[in-house]
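Data block below; observations after.
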Amino acid sequence: MIPSIRGTRDILPAEVGRWQRVEGVARDLCARYGYAEVRTPVIEREELFAKGTGESTDIVQKEMYAFTDKGGDRITLRPEATPSMVRSFVEHALEQELPCAKLYSLGPMFRYERPQKGRYRQFHQLDIEVFGITDPAVDGEVIEMASALVTELGIEGAELVINSVGCAACRPRFTQALIDALGERVAELCGDCQRRSVTNPLRIFDCKVPADQPVIDQLPHSENFLCDACRDHFAEVRRHLDAYGLAYRVSHRLVRGLDYYTRTTFEILGTSLGAQNALLGGGRYDHLVKQLGGPDRSGIGFAAGLERLVLALPEGAGEMDVADAFVVALGDPSWFAARILARDLRRAGLTTLIDYEGRSSKSQMKRANRSRARHMLILGEDELATNQVTVKTMETGEQQTVARADLVAHLRAVRTD
RNA sequence: GUGGGUGUAGCUCAAUUGGUAGAGCGCCGGACUGUGGCUCCGGAUGUUGCGGGUUCAAUCCCCGUCACUCACCCCA
């Protein structure tokens, strides 16, 4: 046997219903909020993520499936969706043809990480992006939509966390304030934090090492360093969330790992997901489009991890629909008649199962039972002679004889009961 | 990349100080040749993750490796 690749997995029939449920709700939600779907390639130029996601991020530095193709170009499997969405938006000048550039995409992403609960090397994201609107009303709506996604999936106990990380004007001041406040205490922090204090001081807030917490607790809060414009923006975002009646927590420690975020950042955390508890995360990125060679347009969006949504889905969600009928053929003469009956029912839109191996009647009926089909349709020589079918309702055990011509109507009628 | 735990039938798990593998569920068939579920009877299936070592003998002990898993890290 040739096994599957580490960190990848087959989504098997027993679980695929849950996936279809998540994808179905996601697509429906996107449509209702006015988002248009975009499907971008799974492979992109490596530099798209180096410039977009950020050269300093772990994603780019050590998690990309990057390689040189036969033409000598540096290619990578996409580790996240946003840079691709921006590229597509810019490359096709989508703002010219879409009245309001709200885009979504659904598909696999790839990161070379150590697999863990809720974390795979090939994983799937729902990604939504809004381009060109700076008004905090969009931040509010995007966050409200993220919340609606979780709610409509029936996921309980999720927590919304928001923050503002400032903009190009005020973030440097805050970063400097962090470094100043840390001062000599840097030496007290863990190795990772010491590294972060140089590469990306904001990320110190992500640290979970208990010993570091007393120092981190005394660090300044980003909120107190926002410029007037960012402060106003953040206040407006919260007014919108309040108006929607959304419960949220403001956490000055919510600093997200991608370089491009400005102003609003947010996450929705799930319970019972283990350490990988972020169901979705996103924020505003007002300079990314320009940075990637496009016009100076703002952006905001989020990515939701489908594996994690599937994991968090309530028990019993996405159960597969049961078949309408299982055709049982008794004896050689009814072999073809049974097959034609199945074909006709399928053409009429009814989910129909049938056995292929000429099993005994008992065996076929056992299969009908196990298939959990609603009805067993018995077609033997008696029925053949009279142009009828014996219809047995599995749940009740009741059975009746129905004229072949009336069968579709009969099955449809009981289906909608 | 680092650390812990676990790898035995399709699934969940047994196997006594080391003596070459079993149960339940599931699957297939029969009892019941035109009536499923319940019951009873019968049946099939394993390179014990892989490779080495110790031993007369390894599922068991040792080493390596791979996979899964949890956590770190990272992030959806």
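Since we're looking at a predicted model, the values are computed, not measured. These numbers come from the heavy atoms of this one structure, side chains and all, not from hydrogens, waters or symmetry mates. Protein chains get the first letters and strands the later ones, always in sequence-line order, with residue 1 at the start of each.
Among the protein residues, Glu381(A) comes within range of the nucleic acid bases, having at least one heavy atom under 4.0 Å from a base atom. Here Leu279(A) lies in heavy-atom contact (under 4.0 Å) with sugar-phosphate atoms only. Across all strands, Asp382(A) comes closer than 4.0 Å to base atoms (heavy-atom distances). Gly118(A) comes within contact range of at least one nucleobase, with a heavy-atom separation under 4.0 Å. As judged by a 4.0 angstrom heavy-atom cut-off over every strand, Leu330(A) is placed among the base-contacting residues.
Contact annotation: Arg370(A) side-chain N/O to C28(B) OP1/OP2 distance is under 4.0 Å. Checking the phosphate oxygens (OP1, OP2) of U69(B), no side-chain nitrogen or oxygen of Arg119(A) falls inside 4.0 Å. Here Gln125(A) does not reach the OP1 or OP2 of A76(B): none of its side-chain N or O atoms lies under 4.0 Å away. Listed pair Lys362(A) / U35(B) fails the phosphate criterion, with no side-chain N or O lying under 4.0 Å from OP1 or OP2. One finds a side-chain N or O of Arg367(A) lying less than 4.0 angstrom from the OP1 or OP2 phosphate oxygen of C28(B). Between C68(B) and Arg6(A), a contact under 4.0 Å exists linking OP1 or OP2 to a side-chain N or O.
With a 3.5 Å ceiling on both atom-pair distances, the Watson-Crick or G-U wobble partner of U6(B) is A67(B). The nucleotide U39(B) finds its pairing partner in A31(B), both defining distances of the Watson-Crick or G-U wobble pair being shorter than 3.5 Å.
If you check distances only, the side chain of Gln116(A) never reaches the base of U69(B) with a donor-acceptor pair under 3.5 Å. Interface remark: the Lys117(A) side chain does not form any donor-acceptor pair with the U69(B) base, using a distance-only criterion of under 3.5 Å. In terms of polar N and O atoms assigned as donor or acceptor, the side chain of Glu383(A) comes within less than 3.5 Å of the base of G34(B) in a complementary pairing.
Taking atom CD on Glu267(A) and atom C1' on C74(B), their separation rounds to 12 Å, with Å as the unit. Following rounding to the nearest Å, Leu149(A) (CG) and A76(B) (C1') show an atom-to-atom distance of 12 Å. Distance Glu398(A) CD to U35(B) P: 18 Å, rounded to the nearest Å. Regarding Met109(A), its CE atom lies at a distance of 10 Å from the C1' atom of A76(B), rounded to whole Å. Remark: P of G29(B) and CD of Gln364(A) are 11 Å apart, rounded to the nearest angstrom. Here G26(B) presents its P atom at 11 Å from NZ of Lys366(A), a figure rounded to the nearest Å. Rounded to whole Å, the distance from CD on Glu113(A) to C1' on G1(B) is 12 Å. Per the geometry, CD1 belonging to Ile128(A) stands 14 Å off C1' belonging to A76(B), to the nearest Å.
Between Ser363(A) and Thr396(A), the residue anchored nearer the 5' end of RNA chain B, judged by the nucleotide with its closest heavy atom, is Ser363(A). Nearest-nucleotide positions on RNA chain B place Ser360(A) closer to the 5' end than the other of Ser360(A) and Asn369(A).
Salt-bridge formation is not detected for the pair Lys392(A)/Glu398(A): no Lys NZ or Arg NE/NH1/NH2 atom is positioned less than 4.0 Å from an Asp or Glu carboxylate oxygen. Checked for salt-bridge contact, Glu159(A) and Arg249(A) meet the test: a charged N lies under 4.0 Å from a carboxylate O.
The closest side-chain donor-acceptor pair between Arg263(A) and Tyr285(A), if any, does not fall under 3.5 angstrom. A side-chain donor-acceptor contact under 3.5 Å links Asp139(A) and Thr264(A). Side chain to side chain, Ser84(A) and Glu44(A) meet the donor-acceptor criterion of an N or O pair below 3.5 Å. Inspection of the Thr53(A) and Glu80(A) side chains reveals an N or O donor paired with an N or O acceptor under 3.5 Å.
Distance check on atom C1': G53(B) versus C68(B) gives 25 Å, rounded to whole Å. Separating the P atom of G26(B) from that of C41(B) is a span of 15 Å, rounded to the nearest Å. C62(B) sits 16 Å from U16(B) when the P atoms are compared, rounded to a whole Å. Nucleotides A14(B) and U59(B) are separated by 11 Å at their C1' atoms, to the nearest Å. Taking atom P in both U6(B) and C61(B), one finds a spacing of 11 Å when rounded to whole Å. Between the C1' atoms of A44(B) and G30(B), the separation comes to 15 Å (whole Å). Taking atom P in both U12(B) and C74(B), the straight-line distance is 33 Å, to the nearest Å. With P as the reference atom, U65(B) and G3(B) are 11 Å apart, rounded to whole Å.
Qualifying side chain to side chain donor-acceptor pair (under 3.5 Å) partners for Gln218(A), counting only residues two or more places apart in sequence or in other chains: Arg185(A).
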